[in-house]
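Single-structure report; data block below.
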Amino acid sequence: MTQIIKGHIIYTESPESLTIVENGYLIFEKDQIVGVTDQLPEIYQSLDVEDLGDVLIVPGFYDLHTHGGQYPQCGIGMSHHLLDWLKDYTYELERKFEEPAFAKRVYAFFAEALISYGTLGAAVFGTSSFMGTQILFDTFIDKGLRGYIGKVCMTRNAPDFIIKDMATNIEDMHRLVERYKDQERVKLIVTPRFAPTSTHESLEALGQLSKEHDLPVQSHLDETVDEIKWVHSLYGSESYASLYDQHGLYGQRPTLMAHGIYLDEEEMTLTQKRGVMLVHCPDSNLNIASGIMPVRKYMNQGILVGLGTDIAGGHRISMAEATVRCVQLSKQLSVEKPEYQPLLFSEAYHMATAVGGSFFGRVGKLKAGFKMDCLVIDDLPLYKELYSVADRLEKFVYTGDDRWIIRRYIDGQRL
Ligand code: GUN
Ligand code: FE
């Protein structure tokens with residue numbers, strides 16, 4: 001069955017500018033967009049058009065790095081540096097996910113918040129709990145979200161109550177593969193927490209598992225100076241990225257690496273060559289005082305850069321906020337380093353929608369052949385009067401909130 005909605009359609013075909021079809025028709029069949037036009041083609045003229053009026057029809061947001069198991073921790077312990085913050089707050093919270101009732105409650109709250117802020121897909125760290133991760137999966141399936149869900153694997157350098165031995169981690173992963181292998185929208189992703197809580201053996205086992213089941217990979221990389229020193233003291237002098245690479249966890253399958261603030265030349269070359277996507281988490285960069293990712297420098301080297309909230313390193317679940325902070329940080333960095341041109345709004349918005357969506361397949365653009373995922377934004381009458389469609393989108397991203405989002409579609413179905 002063909003359906004048609006009408007409004008001002010906006011997305012980014014490429015980062016430099018917004019593609020806009022004013023008073024456009026978005027035509028879709030089941031889960032697929034089949035056309036976006038300003039004139040309704042002859043063959044569709046007998047069909048009903050749902051005219052939504054003076055609204056913006058835009059892609060969903062896709063969060064490429066977030067911790068579902070840390071959602072209650074947003075805005076807590078923000079005076080700490082990363083390693084103390086993990087020790088004093090995060091691990092204590094994550095242990096609670098062994099309790100199914102707790103996991104259900106938190107993950108439902110997390111998934112509802114994603115949807116309400118227009119995040120239609122996310123790459124998520126659960127916790128080390130098998131049961132908790134299963135509940136996270138089931139919650140995403142139940143809510144209809146797109147997701148890559150990771151059981152966080154840790155074998156050392158964290159409290160005993162949260163680490164699992166390698167055999168248990170691998171067995172848990174096999175059970176998750178088996179249980180969710182037929183899911184289309186919600187998939188398993190191999191998730192070593194980061195190098196310091198792993199060993200050569202555990203990284204190798206996870207690399208093998210990724211290869212065996214053709215699973216994508218996510219982890220943390222080069223987030224803080226102290227963390228990098230720790231990695232060198234644990235593993236010797238090889239680079240952090242090459243450590244993952246050596247174990248088949250660096251682009252051999254689709255790979256997301258959160259933060260990547262301090263890549264050296266060799267790591268940059270490897271990252272570009274392997275097509276690893278770095279995930280910039282601007283609020284987290286600020287809260288954890290980890291440093292500011294030089295996004296422009298990486299882009300100039302042909303490295304893929306997506307965007308994430310890093311809940312609870314980032315304190316806000318809204319990808320609109322992450323988009324704003326991404327622009328703000330790039331401007332700030334350009335003051336110190338004029339060679340790094342600040343990001344345009346369209347570039348940051350492209351990261352939050354089209355780049356993020358690309359990790360999920362043909363997702364994140366409003367054009368024929370893409371999945372019918374979108375948001376409908378109804379802004380205030382005053383702004384409709386005063387501003388262009390492009391300005392109204394920027395206004396929504398900078399100042400809007402969940403109340404401005406009046407519809408959410410995933411795979412052509414309204415949530
Ligand atoms: N590095 C290892 N674990 C974490 C985490 O939970 N959050 C952040 N921001 N960095 C990490
Ligand atoms: Fe993180």
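All ligand and atom numbering here is 1-based and tracks the order in the structure. When a residue number appears, it is its place in the shown sequence, counting from 1. Computed from heavy atoms alone, side chains included, the values below leave out hydrogens, waters and symmetry copies.
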Discussion item. So for atom NZ, which belongs to Lys104, do other residues, nucleotides or ligands contribute more than 12 heavy atoms lying within a distance under 6.0 Å?
Written reply: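 Check fails, neighbour count at 12 or below.
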Discussion item. Just checking His200: does its NE2 atom have more than 12 heavy atoms from other residues, nucleotides or ligands closer to it than 6.0 angstrom?
Written reply: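 Correct, the count exceeds 12.
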Worksheet item: Name the residues in contact with ligand 1, where contact means a heavy atom under 4.0 Å away: which are they?
Response: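 Around ligand 1, where the cutoff is 4.0 Å for heavy atoms, the contacting residues are His67, Gln70, Leu82, Trp85, Leu86, Arg193, Phe194, His220, Glu223, His259, Ile288, Asp310.
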Worksheet item: Between the side chains of His220 and His65, does any donor sit under 3.5 Å from an acceptor?
Response: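 A pair is found: one side chain offers a donor N or O, the other an acceptor, under 3.5 Å apart.
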Worksheet item: Is it the case that Tyr62 and Asp373 place a side-chain donor and acceptor less than 3.5 Å from each other?
Response: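 Yes - a donor-acceptor pair under 3.5 Å links their side chains.
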Worksheet item: Heavy-atom distance under 4.5 Å between the side chains of Lys211 and Gln252, does that happen here?
Response: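 Counting from C-beta outward, Lys211 and Gln252 never come under 4.5 Å.
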Fill in: Side-chain heavy atoms of Leu18 within contact of Leu393, under 4.5 Å
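In contact.
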Practice prompt. Take the Fe ion (ligand 2) and tell me which protein N, O or S atoms are nearer than 2.8 Å.
Written response: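 You should have found His65 NE2, His67 NE2, His220 NE2, Asp310 OD1.
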Practice prompt. Could you check Leu270, Val276, Thr271 and say which one makes a side-chain contact (heavy atoms from CB on, under 4.5 Å) with Asp245?
Written response: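 The side-chain contact (heavy atoms from CB on, under 4.5 Å) with Asp245 is passed solely by Leu270 among Leu270, Val276, Thr271.
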Worksheet item: Between the side chain of Lys151 and the main-chain N/O of Ser128, is any donor-acceptor distance below 3.5 Å?
Response: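 Yes: the side chain of Lys151 pairs with the backbone of Ser128.
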Worksheet entry | Charged N-O contact under 4.0 Å between Asp138 and Lys143 |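 Salt bridge flag = no for Lys143 with Asp138.
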